[in-house]
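Structure, as structure tokens:
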2 protein chains.
Amino acid sequence: MILSDRRKRITIKDVAQAAGVSTQTVSRVMNKFSYVSGETRQRVEEVVAQLGYHPSTLARSLSQQRSYTLGIVTFDLKYIGPSRTLNGIADKADELGYMLLMKELDNFDTNKIDDVIDSLLARQVDGILWAVPEIGDNHAWVEERMEKIPVPVLFIAMQPRSGISSVATDNFQGGVMAVQHLLDCGRKKIGHISGPLGWWEADERKRGWLETLNAAGLEALDQHCVEGNWSSIRGEQAFIQLLESYPGLDAVFVANDQMALSVLREAFRRGINVPEQLAVVGFDNIPESAYFYPSLTTISQDLPLIGGQAVQNMVEMIQARQGDQPAIAQSIFIQPTLVVRESSKRV
Amino acid sequence: MILSDRRKRITIKDVAQAAGVSTQTVSRVMNKFSYVSGETRQRVEEVVAQLGYHPSTLARSLSQQRSYTLGIVTFDLKYIGPSRTLNGIADKADELGYMLLMKELDNFDTNKIDDVIDSLLARQVDGILWAVPEIGDNHAWVEERMEKIPVPVLFIAMQPRSGISSVATDNFQGGVMAVQHLLDCGRKKIGHISGPLGWWEADERKRGWLETLNAAGLEALDQHCVEGNWSSIRGEQAFIQLLESYPGLDAVFVANDQMALSVLREAFRRGINVPEQLAVVGFDNIPESAYFYPSLTTISQDLPLIGGQAVQNMVEMIQARQGDQPAIAQSIFIQPTLVVRESSKRV
DNA sequence: TGATATTATGTTATCGATAACATGTTAGCG
DNA sequence: CGCTAACATGTTATCGATAACATAATATCA
């Protein structure tokens, strides 16, 4: 292996010179197709191997106006949800030959949003995946800003909006499934510990709870629901509060597994038997939930699948735009599934 | 806001023309320093704002041979550990003005490693952060390949090697702290459920267990340790096995919190009282561990800090190289801390 | 007052590739 | 045998910026 000064990058020119051909010919060899004689091809390939030449994707991106890179904007990776989504995104991107340029967002200052988008565009990403939870009106910029962005944008876990692509779990349906399951188990007094209200996903899960109870002719009063914030610690407080505000409670639908864990623990401490006296259903199906005591019935959402689906759609949009076809925006809902475990046995 | 065809990028030339100056002058305005008259600067800035010009970082990277982008290679983001590290990396990178080009590795095929590195280099990253756990000899390539890589490389959670930069938790010390704590609680028969042996981190934690017992004059026999694989399910099996192979067991040091969760559950099922009959100490301090029943004593490792530290060092290495100073490789050990909770009360 | 430094700006080359166009050779066919 | 199509390769322009160098106008100083 011949290696000159390792600081010096080996360029297409070096290869061209060493092989005694033009750079264009080297480019043709590297990119397969188009006419190159077998003899020339072989000679160039030998030189490429010998010099250890690797083309600069950067230069190629500039000249082709295409980077094979996706911008991905996430929020708070310290939680398991976003990173499982990212996992799916990374796998699928790899499969389809894209790299990921990542940016983590930690607040919703509008300037910050513009900066993030601009910094991605400045690096010539072919598309942007926005994987930031929808909270309050923090997606309000979308409608207005959208058409000024020269590449396709796809939103993950955003409330469907017409004309804008998105992929999300059907949280409402998840809530319905959870509560319907509890009803099927013969429960009548079903409380709810919600996520932080204003988060679209939390609101949807709560709506599933509420509408399913109503449909069954049961009452869902304000005091039957306590607001949490996804964390175990708030889950504990919320549960304690719920026990007071909903006497006779015989089941709880908890908006995520982490809070459900606290419910199980606090119930145990107080001698409330789960599931006999209290059935519990969570949401997310984190791997540990099968090992809670008792094991947790939960609504499973396939976050890696959502991430993968998002990338798939994005790449299709990019290709459509490449071919100057109209990219059709679509909102995709992925259905969650119910996983029944010990915490909700039929009585 | 004047917007022409949104597909057409506004370049430095457009600005130069509109402002009646050369591109070089625009470049000078955009990059502050260097001489520009106040009048010209203002005129250019107005045009920039009016046209909504954003420089192409891509083009800049090519011409400066510097991208302000770090390549980051991770492994299996679906686990919480890697993503917490990534969280710290992302925050610090943002703070220091770098973006992240991410690649997820899912196996250790040597070709794959070369491909990953080459694909990052092709995109002109200024440095590479290798955040893949060290398993068996999957880092064997390091010594040989290292000097051919033209940018600094830093390894996370790798066994220190001279001449190579790395940042890692002191897993051995963590093991020592866990076992010492159990000894301090008056335990004598301390078993261990390890991570998958061959993983450096698992081996270190086990070594901490073993050496601490030996130092205390206690025996640590083969049958006092069962190998797990970090997962809750294996944790359960390992614990059951350990109960058989180590009669009289009065404490367990479990190599991660997820497996410890299973231990707590299985102990409860069998009527083994924690901590009275059995003290349990985990490792990681995942947020949920405070809400296990009973709450889990554990060794806390600050993964975001490690990620941040890694970025910090990396940027220093990049700057040193920029200034043609010799970048000094250093291996940093971060000390974990003991968090005492209910699962290990003194008897 | 002329020499030198400072300020302000423009011109040309360069980063590493590909696109578009040009040209030359060979092969096939009527 | 001459014309066209297919093949093979080279030349020049371009992507969007910055580096290096050049030039001109002031300002400063001995």
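Everything numeric here is computed off the predicted structure, so don't read it as measured data. Proteins get letters first, then strands, A, B, ... in listed order; numbering begins at 1 in each.
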Please enumerate all protein N or O atoms sitting under 3.5 Å from an N or O of nucleotides 5-7 of chain C, with distances to 0.1 Å.
from, atom 1, to, atom 2, distance (Å)
C/dT7, OP2, B/Tyr35, OH, 3.3

Contacts under 3.5 Å, N or O only, protein and nucleotides 20-22 of chain D:
none

Q: Would you please test A/Met99 and A/Asp94 for side-chain contact (heavy atoms from CB on, under 4.5 Å) and show each step?
A: CA-CA 7 Å; A/Met99 289 208 75; A/Asp94 197 65; over 6 Å; no

Q.
Angle between the end axes of the helix from C/dT1-D/dA30 to C/dG30-D/dC1, five pairs per end, to the nearest 10 degrees?
A.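 Axis angle across the helix from C/dT1-D/dA30 to C/dG30-D/dC1, nearest 10°: 50°.
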
Q.
I'd like to check the salt bridge (Lys or Arg N to Asp or Glu O under 4.0 Å) partners of B/Arg66; sequence neighbours left out, ordered by chain and number.
A.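 With sequence neighbours excluded, B/Arg66 shows a salt bridge (Lys or Arg N to Asp or Glu O under 4.0 Å) to B/Asp126, given in chain and number order.
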
Atom [atom1] of [X] to atom [atom2] of [N]: distance rounded to whole Å?
| X | N | atom1 | atom2 | result |
| --- | --- | --- | --- | --- |
| A/Gln124 | C/dA17 | CD | P | 17 Å |
| B/Arg60 | C/dC15 | CZ | P | 19 Å |
| B/Asp14 | D/dC15 | CG | C1' | 13 Å |
| A/Gln17 | D/dG10 | CD | C1' | 16 Å |

Q) Which residues pass the side chain to side chain donor-acceptor pair (under 3.5 Å) test with B/Ser165, sequence neighbours left out? A) none

Q: For C/dC15, take OP1 and OP2 only and decide whether either is under 4.0 Å from a side-chain N or O of A/Ser56.
A: no

**Q.** Residue-level proximity of residues 63-71 of chain A to DNA chain C when a heavy atom falls under 4.0 Å
**A.** A/Ser63, A/Gln64

Q: Under 4.0 Å between any heavy atoms, over every strand shown, what does A/Thr40 touch: base, sugar-phosphate, or nothing? Just pick one.
A: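 Contact class for A/Thr40: sugar-phosphate only.
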
